[in-house]
Novice: 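Submitted below is the structure of interest, expressed as structure tokens.
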Amino acid sequence: MPIHLFDSLERAIKPLAPAHPDGVFRFYNCGPTVYAPAHIGNFRTFVVNDVLRRLLELEFGADKVKHVRNLTDVDDRTIGQTQKEKRPLAEITKKWTDKFHADCDALNCLRPHAEPTATGYIKEQVNMIEVLMEKGNAYRAADGSVYFKLESFPGYGALSRIKERELKITNIVADADHKDSVSDFALWKAYKPEEDGDVKWPGPRGASAGRPGWHIECSAMSKSLLGDTIDLHSGGVDLLFPHHENEIAQSECCNGTTFAHHWYHSEHLLVEGTTMSKSKGNYYTLTDLVEKGYSPMAVRYALLMGHPRKQLNFMLDSLRAAESALATLRAFRSAMGDSTGMVNVYASVVAALHDDLNTPAALGALFTAINQSKPSDVNAALFDRAMFALGFDLTAPTAPKVEVPAAITALAAQRWAAKQAKDFPTADTLRKELTAAGWSMLDSKTDYKLEPHKKA
RNA sequence: GGCGCGGUAGCCAAGUGGUAAGGCCGAGCUCUGCAAAAGCUCUAUGCGCCGGUUCAAUUCCGGCCCGCGCCUCCA
């Protein structure tokens, strides 16, 4: 069965296939804004999209997929951060881009084939805006900004069904006074010295210097790197409106053709049953979780425990569950060796994944297959391919390197000596002390290991 | 106010008009000085509540209760 995926535009599950004659599947995935560390909610989307990327490669061939994911390195938030820190924009975005890459690597996400930045595609964005102005889809406002003229695009709202909704009247956009209509959105924002610092570029013909609006970057980068029509455009649900709706308007008016054949949106991650926010104390970055003693691979597993199109309730307990499940997979894989057995784990896993990216069903299928088979009955190469599809690296470190305090090392050494001398009462007392101090001592025949307890 | 989603065992979570995947936890056992790891076994007569349709509903329809998300900052 080919890959089937829900299409947010048609609201139906549809098969995925490259439309271009060259057979290359064109995949654009909205990336992060690099002004702060990404949180695990962001990573849910990126991990889900990574599984999608892997499935596409397995289905069409690694050389027949072009995956583009942008980095938003100029917008209100990044500029706001430069003002807050009094540091150059490039310095801030570089720092958080590097961190994002490190986190993605730790989560075993494949790098996109291209990772364009908004600042690297100013010219392309300006070009598109000029075309839109020439075609009458955009206009210059009094302050030198450029806005998209919503009424010029009758198809607006198809993705989000915005016309069927009644918007809260309180949400009047701040700079509405410059627009012909409150719903028109910015393609180009005129430079404001008090807010923008030194961040500005020459604008489209007839407009002021300034910077691109947020939405135009994806349209321009997608066009430059993948062409006028792409096979799949994805992102988090929150981008569905207005971001993706606006992208469609810009791209289709500029290019005069369909922008994307398929739209996919992954749902939000909830933490402890509610939206993650710093004030609720349930806001986690990857680093936060690693510092609590969890492995990035367990985070990846936990992020795949729920259906990508349903909100997933993330709990710290999920991470413990993921850690244990992964340990089972490691042990099973290790016992498998180079087995060329008949059991095809990949088939059942990929069938679930091809069915609208049902990752929890895939994990269920994985364990069902494992529970019904001996390691030696399973085909190792196919098992590994299933791991590839899910992106589980079973060889990744399971726990971060932690410095063992000298006092703990000493206690452990004492207990080991007592055990060697068969002084078990002393050994047990020392084990209790270690446990009380938050450490587990794991004995083997000839050696021992120390592991810190996980933090709540 | 509008749009939408969900309520399945202690926790997380698939799924189906024909009688409940899976993971974790827990319990028992094997192994082991102890602990851990590993292995084996067990763990929802039940799928928010009330009606309806049906030979049959957790699955379809209606009503109700509860929770959550979104409505131009947002993965």
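A, B, ... follow the sequence lines: proteins, then strands. Residue 1 opens every chain.
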Novice: Rounded to whole angstroms, how far apart are CG on Leu303(A) and P on G23(B)?
Specialist: 20 Å

Novice: Where the side chain of Tyr301(A) is concerned, which of G23(B), A75(B), A13(B) is the nearest nucleotide?
Specialist: G23(B)

Novice: Only one of Arg53(A), Arg69(A), His233(A) passes side chain to side chain contact (heavy atoms under 4.5 Å, CB included) with Phe27(A); say which it is.
Specialist: Arg53(A)

Novice: Check the distance between G22(B)'s P and Phe332(A)'s CZ and give it to me in whole angstrom.
Specialist: 15 Å

Novice: Would you find a donor on one side and an acceptor on the other, under 3.5 Å apart, between the side chain of Asp7(A) and the backbone of Trp263(A)?
Specialist: yes

Novice: Suppose you measure atom C1' in A57(B) against the same atom in U8(B); what distance do you get, rounded to whole Å?
Specialist: 14 Å

Novice: Taking only residues two or more places apart in sequence or in another chain, which ones pass side-chain hydrogen bond (donor to acceptor under 3.5 Å, both in side chains) with Gln81(A)?
Specialist: Glu85(A)

Novice: Decide yes or no on ring-ring contact (aromatic ring centres under 6.0 Å, His included) for Tyr283(A) and His39(A), but give the supporting numbers first.
Specialist: CA-CA 7 Å; Tyr283(A) 183 99; His39(A) 55 67; 5.2 Å; yes

Novice: Assign Asp443(A) to base, sugar-phosphate, or nothing according to its heavy-atom contacts below 4.0 angstrom with the strands shown.
Specialist: base

Novice: What distance do Leu240(A) atom CG and His265(A) atom NE2 have between them, rounded to the nearest 0.5 Å?
Specialist: 4.0 Å

Novice: List for me each residue that meets side-chain hydrogen bond (donor to acceptor under 3.5 Å, both in side chains) alongside Ser440(A), sequence neighbours excluded, and say none if there are none.
Specialist: His453(A)

Novice: Which value, in whole Å, describes the distance between the P atoms of nucleotides G4(B) and C49(B)?
Specialist: 26 Å

Novice: I'd like the P distance from A14(B) over to G48(B), given in whole Å.
Specialist: 14 Å

Novice: For Leu239(A) and C73(B), give me the distance from atom CG to atom C1', rounded to whole Å.
Specialist: 11 Å

Novice: How about Tyr346(A) and Phe383(A): are their ring centroids closer than 6.0 Å?
Specialist: no

Novice: Looking for any heavy atom pair under 4.0 Å, which part of the strands does Leu270(A) touch: base, sugar-phosphate only, or nothing?
Specialist: sugar-phosphate

Novice: For Thr275(A), which contact category applies under a 4.0 Å heavy-atom criterion: base, sugar-phosphate, or nothing?
Specialist: sugar-phosphate

Novice: Please check: side-chain N/O of Asn70(A) versus main-chain N/O of Thr117(A), any donor-acceptor pairing under 3.5 Å?
Specialist: no

Novice: What interatomic distance, in whole Å, is found between C1' of U59(B) and the corresponding atom of G6(B)?
Specialist: 15 Å

Novice: If you take atom types as modelled and just measure distance, does the side chain of His268(A) reach the base of A75(B) with a donor-acceptor pair under 3.5 Å?
Specialist: yes

Novice: Going by the rule side-chain hydrogen bond (donor to acceptor under 3.5 Å, both in side chains), which residues pair with Asn282(A) if we only count those two or more places apart in sequence or in a different chain?
Specialist: none

Novice: If the P atom of G28(B) is compared with that of G22(B), how far apart are they to the nearest Å?
Specialist: 22 Å

Novice: Hey, is the main chain of Ile370(A) close enough, under 3.5 Å, to the side chain of Ser373(A) for a donor-acceptor pair?
Specialist: no

Novice: Are any side-chain N or O atoms of Lys189(A) and backbone N or O atoms of Val146(A), one a donor and one an acceptor, separated by less than 3.5 Å?
Specialist: no

Novice: Any N or O donor-acceptor pair under 3.5 Å from the base of G69(B) to the side chain of Asp238(A)?
Specialist: no

Novice: Using a 4.0 Å heavy-atom cut-off across all strands, classify His307(A) as base, sugar-phosphate, or nothing.
Specialist: sugar-phosphate

Novice: Heavy atoms within less than 4.0 Å of RNA chain B: which residues of residues 430-440 of chain A have one? Give them sorted by number.
Specialist: Arg431(A)

Novice: With a non-hydrogen cut-off below 4.0 angstrom, is Thr328(A) in contact with a base, only sugar-phosphate, or nothing?
Specialist: sugar-phosphate

Novice: Report the distance from atom CE of Met315(A) to atom P of C25(B), rounded to the nearest whole Å.
Specialist: 15 Å

Novice: Would you confirm whether Lys66(A), through its side chain, and Tyr28(A), through its main-chain N or O, come within 3.5 Å as a donor-acceptor pair?
Specialist: no

Novice: Taking only side-chain nitrogens and oxygens of Lys310(A), does any of them come within less than 4.0 Å of OP1 or OP2 of C68(B)?
Specialist: no

Novice: Need one value for Gly236(A): base, sugar-phosphate or nothing, where a base atom within 4.0 Å counts as base even if backbone is also close, heavy atoms only.
Specialist: sugar-phosphate

Novice: Can you check the distance between C24(B) and C42(B), where both ends of the measurement are the C1' atom (answer in whole Å)?
Specialist: 16 Å

Novice: Could you please name the option among A75(B), C24(B), A14(B) that lies closest to any side-chain atom of Pro360(A)?
Specialist: A14(B)

Novice: Could you give the CZ-to-C1' distance, from Phe185(A) to U72(B), as a whole number of Å?
Specialist: 10 Å

Novice: If we take the C1' atom in both G10(B) and A56(B), what is their distance in whole Å?
Specialist: 32 Å

Novice: From the list A21(B), A14(B), U72(B), which nucleotide is the closest neighbour of the side chain of Thr368(A)?
Specialist: A21(B)

Novice: CG of Leu316(A) versus C1' of C25(B): gap in Å, rounded?
Specialist: 15 Å

Novice: Check the pair Phe6(A) / Tyr264(A) against ring-ring contact (aromatic ring centres under 6.0 Å, His included), numbers first and verdict last.
Specialist: CA-CA 6 Å; Phe6(A) 187 79; Tyr264(A) 183 72; 7.9 Å; no

Novice: Give a yes/no answer on whether the side chain of Asn313(A) brings an N or O atom under 4.0 Å of OP1 or OP2 in C11(B).
Specialist: no

Novice: Expected output check: what is the dot-bracket annotation of RNA chain B, where ( ) and [ ] are pairs inside the strand (brackets for crossing ones), | is paired with another strand, and pairs are Watson-Crick or G-U under 3.5 Å?
Specialist: (((((((..(((.....[...))).(((((.......))))).....(((((..]....))))))))))))....

Novice: What nucleic acid atoms does Gly41(A) come within less than 4.0 Å of, heavy atoms only: base, sugar-phosphate, or nothing?
Specialist: base

Novice: Starting from P on G22(B), measure out to CD1 on Ile370(A) and report it in whole angstrom.
Specialist: 13 Å

Novice: Go nucleotide by nucleotide along RNA chain B from the 5' end; which of Asn371(A) and Ala331(A) gets its closest nucleotide reached first?
Specialist: Asn371(A)

Novice: If you assign each of Arg11(A) and Ala365(A) to its closest nucleotide in RNA chain B, which residue comes earlier from the 5' end?
Specialist: Arg11(A)

Novice: With distance as the sole criterion, do the side chain of Arg309(A) and the base of G4(B) form a donor-acceptor contact below 3.5 Å?
Specialist: no

Novice: Determine whether the aromatic ring of Phe424(A) stacks with the base of G33(B), defined as ring centroids separated by less than 5.5 Å and ring planes inclined by less than 30°.
Specialist: yes

Novice: In whole Å, what separates the C1' atom of A21(B) from that of A44(B)?
Specialist: 13 Å

Novice: Are Phe100(A) and Phe46(A) an aromatic pair, judged by ring center distance below 6.0 Å?
Specialist: yes

Novice: For Leu442(A), which contact category applies under a 4.0 Å heavy-atom criterion: base, sugar-phosphate, or nothing?
Specialist: base

Novice: Counting C-beta onward and ignoring hydrogens, is there a side-chain heavy-atom pair between Leu16(A) and Asp231(A) closer than 4.5 Å?
Specialist: no

Novice: Could you tell me the separation between the CD atom of Glu272(A) and the C1' atom of G67(B), rounded to a whole number of Å?
Specialist: 16 Å

Novice: Among residues 68-79 of chain A, which residues get a heavy atom nearer than 4.0 Å to RNA chain B?
Specialist: Arg77(A)

